[in-house]
Amino acid sequence: MKRVHIHTLGCRVNQYESVAIAEALEKRGMTVCKDGEAPCDFYILNTCAVTGEAERQSRQLARRFASRGKTAVLGCASQNAKEEFLSIPGVFYVGGCSGKLDVVDALLSAAGAPADGVRAVGRTYEELSIDGRSDLFSVCRAYIKIQDGCSGHCTYCVIPSLRGPSRSRPAEDVVAEAERLVRAGCREVVLTGIETSAYNAVPLQELLVRLGALEPLGLARVRLGSLSPGTLREDFLRVCAEVGNFMPHVHLSLQSGADRVLRLMRRPYTAGEVLERIKLLRSYLPRVLISADFITGFPTETEEEALATEAFLREANLFHVHAFPYSERAGTPAAVMEGQLPVEVRKARCARLNAAANEGRERILDGFSGKSVRVLVERCRNGFANGHTEEFLECVFPAEGVQVGDICTVTVTGRSDGRLQGKVC
C-alpha cells in the first residue's frame with residue numbers, strides 16, 4: 001500500500017481541498033500519513049501565493065519534499081509560477097487551482113516524467129466533497145468549502161487572477177455534506193471560501209438556518225470563515241442570534257484602519273463604517289469576540305495612518321489579529337504604485353500592530369478568569385485536553401474522563417501562552 005504525505009499551506013479553503021484529496025486517495029487504496037518526516041512514496045504540497053513569503057515557502061517546501069521522493073505540487077503558487085515548480089528535480093506533477101483531484105490519478109499512474117497538470121481556472125464551481133473519513137486535521141471539526149474565487153478588485157491581491165471569479169456551491173450540497181460529517185462524528189463545521197461573504201446560491205443567513213436544523217443530529221457548532229464588514233447587516237445578524245448552533249465569533253477581512261489607505265486598497269468601506277458594523281454586531285451577539293486581518297506598510301502609508309490602524313484595533317476591541325507586511329504581487333495595481341515603503345518599515349509596523357493586538361488579547365483572556373466556558377475537545381495528549389470555546393478561544397485542561405469530540409463545561413483558572421487554562425466543572 002503506497003504512502004502519501006499531504007502538506008498544506010495557506011487558507012482554510014486549501015485545508016478543505018487537502019482533506020478532499022486525502023479521502024479520494026484513501027478510497028483508492030493509498031495511506032495518507034500526517035507525519036511529513038516519515039518515509040513516504042509520494043508527497044503532495046498544496047501551495048499558497050497570497051504573499052511573496054508564502055510563495056517562497058512553497059518553493060522551499062517543494063524542494064525539500066522532492067529531495068525525499070516523488071512530489072506533486074498544486075494550488076495558487078504553482079498556478080502562478082508553474083515553470084519554477086516544474087524545474088525542481090523530483091517534482092513529477094504540477095497542478096493549479098482547479099482539477100485538484102487530478103493529482104489522485106497522477107499518483108496512481110506514478111508517471112516518472114514531469115507532467116504539466118496546470119489547468120485553466122474553471123468558470124463553474126468545482127465540486128469537491130468530504131465525508132469525515134480522513135483525520136488529516138481533525139476528527140470532530142471540519143471545514144466546508146461553500147464558495148471559490150473572488151470578483152473583487154483589491155489592488156494588492158493576486159488571488160482573483162489565480163482562482164477566477166466568485167462561484168458558489170449549491171446550498172443542498174453544503175447541507176448534505178454537513179450531514180455526512182455529523183454522522184461521522186463531527187461536532188463543528190466552519191463554512192469557508194476565498195470570499196465567504198460572496199456566497200450567493202442562497203442568502204448566507206438562509207444557509208445558517210438550514211445548518212441550524214442539524215443541531216438535533218449532533219451539529220453543535222457552526223462558524224463562518226472570514227467575512228467582509230458589509231455582511232454585518234441587521235437581517236443577517238438577526239439570524240445569527242436566532243440560530244442555536246451559531247458560535248459567537250466573527251473574523252473580519254479589514255486590512256487597515258485608515259480611510260485613505262482603504263481607498264487605495266479599493267476596500268468598500270471606511271474605518272468609521274466598520275466600527276458602526278461592529279457595534280451592531282455586538283448588539284445582536286453580546287458575547288461575540290472578533291478577529292481580523294490587516295496589512296501593514298501599504299504603499300504611501302504614513303506613520304500617522306499606521307498609528308490610526310493601531311487605534312482602530314483598540315477601539316474595536318479585537319481579540320486576535322492576523323497581520324502581515326504588505327507584499328508586492330506581480331500584476332496587481334499596488335505593485336506599481338509610487339511610494340513603496342522599505343521592507344523594514346513594513347515589518348516594524350507589523351510587529352507593533354501584533355504587539356498591540358497581544359495586549360488586547362491578554363486583557364480579554366483575563367476577563368474570562370473564574371468564568372465557565374464550553375470547550376469542544378479537539379485533541380488529548382500527555383494528560384491534557386485541548387480545544388476551543390464557543391468564542392474561539394483556545395483552552396487547555398486536564399483530560400481525565402474526557403475524549404475527543406466531547407463538549408465540556410470548564411471553569412477558567414488562568415491563562416498561559418495566549419490560551420485559557422481551566423478544569424472541568
Side-chain angles (χ1 to χ4, degrees), residues 11-13 15-17 19-20 23 125 127-134 137-148 166-228 230-253 281 284-285 287-291 374-378 387-392 404-407:
C11 65
R12 292 168 170 177
V13 169
Q15 292 187 46
Y16 173 86
E17 291 171 346
V19 172
E23 291 194 356
Y125 187 87
E127 185 61 39
L128 297 174
S129 65
I130 60 176
D131 58 21
R133 71 175 60 218
S134 171
F137 296 111
S138 175
V139 296
C140 64
R141 183 173 184 268
Y143 297 121
I144 297 181
K145 179 181 166 184
I146 65 171
Q147 181 273 344
D148 202 346
S166 180
R167 295 94 71 193
S168 295
R169 185 180 186 183
E172 55 269 23
D173 292 351
V174 175
V175 176
E177 183 161 283
E179 285 193 52
R180 292 195 302 271
L181 290 167
V182 171
R183 296 188 192 283
C186 182
R187 305 299 308 279
E188 176 179 313
V189 298
V190 183
L191 306 183
T192 190
I194 297 299
E195 181 64 34
T196 308
S197 288
Y199 181 80
N200 63 0
V202 297
L204 190 54
Q205 60 264 36
E206 181 180 325
L207 188 58
L208 294 179
V209 170
R210 295 191 192 186
L211 293 172
L214 300 183
E215 187 174 8
L217 293 180
L219 183 57
R221 297 180 169 190
V222 176
R223 301 187 191 274
L224 287 168
S226 181
L227 296 176
S228 170
T231 307
L232 306 181
R233 306 176 309 273
E234 289 221 39
D235 58 338
F236 174 79
L237 294 174
R238 188 177 300 111
V239 171
C240 291
E242 293 171 351
V243 172
N245 56 5
F246 183 78
M247 293 294 100
H249 166 246
V250 170
H251 184 86
L252 297 175
S253 177
L281 167 63
Y284 279 94
L285 298 171
R287 293 171 47 213
V288 73
L289 292 185
I290 304 168
S291 54
R374 299 278 287 166
V375 180
L376 171 62
V377 179
E378 297 167 38
H388 286 85
T389 70
E390 294 178 334
E391 300 84 359
F392 205 58
V404 171
D406 287 348
I407 296 179

S.K.: Fit a plane to each ring of His388 and Phe392, take the angle between them on a 0 to 90° scale, and name the class: parallel (under 30°), tilted (30 to 60°) or perpendicular (over 60°).
M.R.: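 Answer is parallel, since the angle falls under 30°.
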S.K.: Are the side chain of Asn200 and the backbone of Ser168 linked by a donor-acceptor contact shorter than 3.5 Å?
M.R.: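 Looks like no, no N/O pair under 3.5 Å.
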S.K.: Give me the atom names and distance for the closest heavy-atom approach of Gly405 to Leu376.
M.R.: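 Closest approach of Gly405 to Leu376: O-CD1, 3.8 Å.
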S.K.: Identify the two heavy atoms, one from Leu224 and one from Phe246, that lie closest to each other, and give their separation to 0.1 Å.
M.R.: CD1-CE1, 3.9 Å
S.K.: Any side-chain to backbone donor/acceptor pair from Arg223 onto Glu390? Under 3.5 Å, distance only.
M.R.: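 Here the side-chain-to-backbone pair exists.
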S.K.: Could you check whether any side-chain N or O of Glu23 sits under 3.5 Å from a backbone N or O of Asp131, counting only pairs where one atom can act as donor and the other as acceptor?
M.R.: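 Confirmed, Glu23 side chain pairs with Asp131 backbone.
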S.K.: Quick one: does any side-chain atom of Gln147 pair with a main-chain N or O of Ile194 as donor and acceptor, under 3.5 Å?
M.R.: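 Yes, Gln147 side chain to Ile194 backbone: donor-acceptor pair under 3.5 Å.
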S.K.: With a 3.5 Å distance limit and no angle check, can you tell me whether Arg169 reaches the backbone of Ala201 through a side-chain donor-acceptor pair?
M.R.: no
S.K.: Has Arg221 got a side-chain atom pairing as donor or acceptor with Arg187's backbone, closer than 3.5 angstrom?
M.R.: no
S.K.: Heavy atoms only: give me the nearest Leu208-Leu191 pair and the separation to one decimal.
M.R.: CD2-CD1, 4.3 Å
S.K.: Determine yes or no for a side-chain-to-main-chain donor-acceptor pair under 3.5 angstrom, with Tyr143 supplying the side chain and Gly225 the backbone.
M.R.: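 Not at all, since once roles are kept as given, no pair shorter than 3.5 Å links the two residues.
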S.K.: Does a side chain donor of either Thr231 or Ser197 reach within less than 3.5 Å of an acceptor in the other side chain?
M.R.: yes
S.K.: Quick check against the 3.5 Å criterion: does Glu179 have a side-chain atom that pairs as donor or acceptor with the backbone of Leu214?
M.R.: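 Looks like no, no N/O pair under 3.5 Å.
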S.K.: Give a yes or no on whether the backbone of Ser138 and the side-chain of Glu378 come within a donor-acceptor separation of less than 3.5 Å.
M.R.: no
S.K.: Which heavy atom of Leu237 sits nearest to which heavy atom of Leu232, and what is that distance?
M.R.: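 For Leu237 and Leu232, the tightest heavy-atom pair comes out as CD1-O, 3.8 Å.
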S.K.: If you apply the rule side-chain contact (heavy atoms from CB on, under 4.5 Å), what do you find for Thr192 with Gln15, and how did you get there?
M.R.: CA-CA 10 Å; Thr192 190; Gln15 292 187 46; over 6 Å; no
